[in-house]
Amino acid sequence: MAEKITPRSEDFSRWYLDVIREAELAENSPVRGCMVIRPYGYELWEGVKAGLDRRFKETGHKNAYFPLFIPMSFIQKENEHVEGFSPELAIVTIGGGKELEEPLVVRPTSETIIGHMYSRWIQSYRDLPVLINQWANVVRWELRTRPFLRTMEFLWQEGHTAHATAEEAMEETLRMLDVYADFAINDAAIPVIKGRKSEREKFAGAVASYTIEAMMGNGWALQAGTSHYLGTNFARAFEITYLDRNNELQYCHTTSWGVSTRMVGAIVMVHGDDQGLRLPPVLAPIQVVIVPIWRKEAERSQVLEVTQQVKTALADAGIRVHLDDREEQTPGFKFNDWEMRGVPLRVEIGPRDVKQQSVVLARRDKPGKEGKEFGVPLTGAATRVKELLREVQKSLLEQATAFRDAHTHYVRSYEEFKEVLNEEGGFLRVHWAGTSEDEARIQEETKATLRCLLLEPPEGEGECFLTGKKTDQVAIFARAY
RNA sequence: CGGGGUGUGGCGCAGACUGGUAGCGCGCAGCGUUUGGGACGCUGAAGUCGGAGGUUCAAGUCCUCUCACCCCGACCA
């Protein structure tokens, strides 16, 4: 049978597109730059949503919904914000067959309209903080798109909070960055680096932007989530004010933070291998697939009876299980098919197993025989499956961490920087005291960008690899999506 | 927006230079044999050859125009 997935080593970008197509996560749409998220891909996104939403609720946030359309004038109220977004806005100028008096912007993000509402809702310090999140779609007119990583329309959540003081707002900004990191590491099994964006890379309108950066399987970086401290920029633009205890009018300090369907792309690119997807059990739509095997008609009913029992036992144990009883496919085909779709664990049940009252378990994170366990007693199967799911989750995180660490290099000079980047790629860890112009030059010459400045670098003081100046600031540079 | 490429059953492609009744693989449907790592046989359905115009007795093939998509570079969750 023809190979449907290009090997990763041959062409990573092609591999990524192949996996997304073959695993039926998403497909290109008739509209250029947009994608259709198919049920399996959407279930994965629902897993991401569930993990994040739970954490948002636990940290005191409520969900709400704001409109898709934003008056043009709102976007124009905050200077940097307009400049940052105007090239990528989709604008509605005709409605109901008539030219609109004021064009409506299809939201690229909702700071402005939410700011407008906050100015009405917030009067007193007693109204603060306001902690709201919304799940929504947004549109940015991108020229160069890639499924999940960058599409013209994408799904995300955007949190928007308002606080009395800068300290509180900053605390919130960093708290949500921690929430993102916790989700990425524990649910998505993606090791991420928390850091601050440089002036050049920060969000348009923010005072400071923070990021979680992940390394993809080709050594490139991906910003998997961002959290912004907006200072009083939007409060001033939208007059979000409150009276403090001394009856004095003050501007609120606001934050915003977002994670998008890009996270799905990250999961694909961090864990996937030449066989296809490898999904972390916490997020996998199907955690366990059962494949029945038989030769003769007599064996069929016996085998199916046992697979049905196991399915029930696993479902009762709270495991997302699927029984693949298709008769038109051979077991071998099913093995490959479900591996390609990234199901973490497979249960094989054939006549031999029925006789011994046992099952065969195969884990996705380890190839072939190495990942198989034979003769697992039927009675203890659910317990063993649960253990293995935990192990697979842990193992995926370990593998990704080991990969990232193996491809992260501390460099001391620009020469070394270029050499390592060319020969190995990956993350370049440097002491950094350069300017935005230096950053631009590095990008031009090497295509690497400053991904983030580490929050608490363990290195201590050193010399900037570019300028030689003493600094305790440590940065990660990398090629990025 | 600059550079490169491709449009032919659902998908991947051949056919084009040299014009002469549209073909292959996969997939799909039916039947039978199969089933512990991507099964096989037989039968069958399915294509205005991206679009428009032109040359010609005759155009998937030659000419002109046009549209769309993909890939590589400048901006971005």
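Letters A, B, ... are given to chains in the order of the sequence lines, protein chains preceding strands, and every chain is numbered from 1.
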Those residues that, when tested against W141(A), pass ring-ring contact (aromatic ring centres under 6.0 Å, His included) (two or more places apart): none
Donor-acceptor contact below 3.5 Å, side chain N233(A) vs main chain G205(A): yes
Minimum-distance nucleotide to K372(A) side chain [options: A74(B), C75(B), G37(B)]: G37(B)
Aromatic ring pairing W338(A)/H322(A), orientation class (parallel under 30°, perpendicular over 60°, tilted between): tilted
Nucleotide nearest P331(A) when distance is taken to its side chain, options U35(B), G73(B), C70(B): U35(B)
Nearest-angstrom distance, P atom, U6(B) to G15(B): 12 Å
Closest to side chain of R144(A), choosing from A74(B), A77(B), G36(B): A74(B)
Sugar-phosphate, base or nothing in reach of R326(A), heavy atoms under 4.0 Å: nothing
Rounded distance in Å between the P positions of A14(B) and G3(B): 26 Å
With sequence neighbours excluded, residues passing side chain to side chain donor-acceptor pair (under 3.5 Å) with Y40(A): none
E172(A) vs T255(A), side-chain hydrogen bond (donor to acceptor under 3.5 Å, both in side chains): CA-CA, chis, key distance, verdict: CA-CA 7 Å; E172(A) 167 78 1; T255(A) 80; 4.6 Å; no
Residue F333(A), side-chain atoms from C-beta onward, closest of A77(B), G38(B), C70(B): G38(B)
d(CE, M176(A); C1', A77(B)) in whole Å: 16 Å
Sugar-phosphate only, base, or nothing, as touched by W156(A) at under 4.0 Å among non-hydrogen atoms: nothing
Residue whose nearest RNA chain B nucleotide is more 5′ - E153(A) or S13(A): S13(A)
Short side-chain N/O contact to U35(B) OP1/OP2 from R295(A), under 4.0 Å: yes
Side-chain heavy atoms of R107(A) within contact of F69(A), under 4.5 Å: no
Sugar-phosphate only, base, or nothing, as touched by S29(A) at under 4.0 Å among non-hydrogen atoms: nothing
Nucleotide nearest I293(A) when distance is taken to its side chain, options G36(B), G73(B), G38(B): G36(B)
Whether D178(A) side chain and R175(A) backbone form a donor-acceptor pair below 3.5 Å: no
d(CD, E22(A); C1', C26(B)) in whole Å: 11 Å
E339(A) (side chain) and G37(B) (base): donor-acceptor pair under 3.5 Å: yes
Sugar-phosphate, base or nothing in reach of V360(A), heavy atoms under 4.0 Å: base
Given RNA chain B, 5'-ward residue of the pair G33(A) and R140(A), judged by closest heavy atom: G33(A)
Nearest-angstrom distance, C1' atom, U8(B) to A46(B): 14 Å
Atom NZ of K62(A) with >12 non-hydrogen neighbours under 6.0 angstrom: no
Of the listed nucleotides G38(B), C71(B), U35(B), the one nearest the side chain of L17(A): C71(B)
R32(A) side-chain proximity, nearest of U35(B), C70(B), A77(B): C70(B)
Rounded P spacing from U21(B) to U64(B) in Å: 26 Å
Secondary structure string for RNA chain B (Watson-Crick or G-U under 3.5 angstrom, | for other-strand pairs): ((((((((.[[[[.)....(..]]]].((((((.....)))))).....[[[[[..)....]]]]])))))))....
Phosphate contact (A39(B) OP1 or OP2) by T330(A) side-chain N/O below 4.0 Å: yes
Contact check, side chains of V310(A) and I349(A), non-hydrogen atoms, under 4.5 Å: yes
Touch class at under 4.0 angstrom, heavy-atom based, for G258(A) against every strand present: nothing
Given U35(B), C70(B), C75(B), the nucleotide with the shortest approach to the side chain of Q443(A): C75(B)
